[in-house]
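Let me begin by presenting the structure, written as structure tokens, before commenting on it.
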Protein chains: 2
Amino acid sequence: MNIIEFLKTKIELSETEIEQISKIISRKKFDRKELILPVENSSKKIFFIEDGFCRVFYAKKEKDITLYFLQENQIGLPVDSIFYDQICKFGIEAISKGTVATINYEKWQTLTEQIPNLQKFTNSMMISYVKNATDRIYNLKFQTPKERYEMLQTAFPSIFLHSPLGHIASYLGITQETLSRLRAKR
Amino acid sequence: MNIIEFLKTKIELSETEIEQISKIISRKKFDRKELILPVENSSKKIFFIEDGFCRVFYAKKEKDITLYFLQENQIGLPVDSIFYDQICKFGIEAISKGTVATINYEKWQTLTEQIPNLQKFTNSMMISYVKNATDRIYNLKFQTPKERYEMLQTAFPSIFLHSPLGHIASYLGITQETLSRLRAKR
DNA sequence: AACTATTTTTGATTTCAATCAAAAATCAAC
DNA sequence: GTTGATTTTTGATTGAAATCAAAAATAGTT
């Protein structure tokens, strides 16, 4: 979904407000395997996935680990860079073709000061970000790879159509061979 | 540190504002092993650790896993309950004696609408919460138990004086025996 | 459709941490 | 300080998943 459409499902916006917001959005199509945000980069942008699937990952010497997946209407936020002026460890890679809307965070910030409803949206965006992260920590600490696999199936069924096994395995915390065996049973 | 003192280090507050805030704070001393927030409870309160150490944990059938530690001036936030009206999976347990300030989130919320600086504080609280959570995910997915151990030592050196090994081990993601062996080397 | 490249599955072996069990050390209470 | 309880360390064994290697299956290209 187009980000403006998405905003309109969450908050009320006047025509002029929509225009203001539209001005700071840039939109880009991406292909499978395309790097939307490189690892260990500094980027102060919001990445809103309008269409398609991505993975947030970290890669260093041989290891390539998927932290989480993003699907339509979800947001990637380089927290380290935007809020702490640090290099962001994670990168974002496309696992299907699609469209991403990117917004310079500073410009977004100035708009939120003018549009109260947009501030509300930003707040709830942060809250859902916190929620996702804490859920993920629970999932990593307290659930088994199998349970993780099942949760992923219900939360992101279409990921399996797009993502190579290896990325899913690293998300679950097992090797691709183990995942292959895990799902062969039954 | 007293929460009011802490707020004053972060934002400017008038005398009347301080009074307003003070009214909604309740303060409680706790002892070692005391349960500050039971597991799978519903609580819409902010827990600010004024003094001492706690752990945020989850426990179910035999398993008892520490998600993270809290020390002085840190905040425990039952995200699920406050923002999603769900039961909060995690509990908070004291690992030393100390003091916790608890604040009803709704009352806090109303105050933030009146005190703009307090809103700023809440925003940066959410941001640091996001930062901590995403760092933790990175730590869990990309670092070894040994690296985790070393990070914990630098970030929370005093945890080791208060917490039984088992809790630290579950935080790191290994058994207590393995941790014991890990630190015996050298 | 045929060929190539990539991805997934299957098999055999190894390894590292969990488990089980007991001893040693530390802590707490009297 | 002594006793008992709790926590930590050490040792032996087991098991589950990683690794290594190759075959099978799938997808992509001309």
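Naming convention: chains lettered A, B, ... in sequence-line order (proteins, then strands); numbering from 1 in each chain.
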Centre of A/Tyr84's six-membered ring, under 6.0 Å away, within 45 degrees of the axis: is that where NZ or CZ of B/Lys131 sits?
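Yes, B/Lys131 and A/Tyr84 form such a contact.
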> Can a cation-pi geometry be assigned to A/Lys141 and B/Tyr58, taking NZ or CZ under 6.0 Å from the six-membered ring centre and within 45° of the ring axis?
Replying inline: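 Pair A/Lys141/B/Tyr58 does not count as cation-pi.
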Could you tell me whether the phosphate oxygens of [N], OP1 or OP2, come under 4.0 Å of any side-chain nitrogen or oxygen in [X]?
X        : N      : answer
A/Lys33  : C/dT7  : yes
A/Thr175 : D/dA18 : yes
A/Thr178 : D/dA18 : yes

* Asked: Under 4.5 Å between any side-chain heavy atoms of B/Phe90 and B/Leu37, yes or no?
  -> no
Heavy-atom side-chain contact between B/Thr102 and B/Lys28 under 4.5 Å | no
Let me check the geometry of the helix from C/dA1-D/dT30 to C/dC30-D/dG1. What is the bend angle between the axes at its two ends, five pairs each, to 10°?
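Roughly 60°, once rounded to the nearest ten degrees.
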*asked:* Tell me whether B/Thr99 contacts the main-chain N or O of B/Glu50 through its side chain, where contact means a donor paired with an acceptor under 3.5 Å.
replied: no
Could you check which of [options] has an atom nearest any side-chain atom of [X]?
X        : options                : value
B/Glu177 : C/dT10, D/dT10, C/dA18 : D/dT10
A/Arg181 : D/dT9, C/dA12, D/dT7   : C/dA12
A/Ile174 : D/dA18, C/dA18, D/dT9  : D/dA18

Given atom [atom1] of [X] and atom [atom2] of [N], what is their separation to the nearest angstrom?
X        : N      : atom1 : atom2 : result
A/Gln176 : D/dA21 : CD    : P     : 16 Å
A/Arg32  : D/dG28 : CZ    : P     : 7 Å
B/Arg183 : D/dT10 : CZ    : P     : 10 Å
B/Leu182 : D/dT9  : CG    : P     : 11 Å

For A/Tyr105, run the ring-ring contact (aromatic ring centres under 6.0 Å, His included) check against A/Phe83, A/Phe47, A/Phe48 and tell me which one passes.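 Exactly one pass, corresponding to A/Phe83.
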Could you see if A/Ile87 belongs to whatever hydrophobic cluster contains A/Val56? Use Ile, Leu, Val, Met, Phe, Trp, Tyr and a side-chain cutoff under 4.5 Å. no
Do B/Met151 and B/Leu165 land in one hydrophobic cluster if side-chain heavy atoms of ILVMFWY residues count as linked below 4.5 Å?
no
Salt bridge present between A/Asp51 and A/Lys29 (N-O < 4.0 angstrom):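 Salt bridge absent between A/Asp51 and A/Lys29.
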Within residues 153-168 of chain B, those residues having any heavy atom closer than 4.0 Å to DNA chain D are B/Pro164, B/Leu165
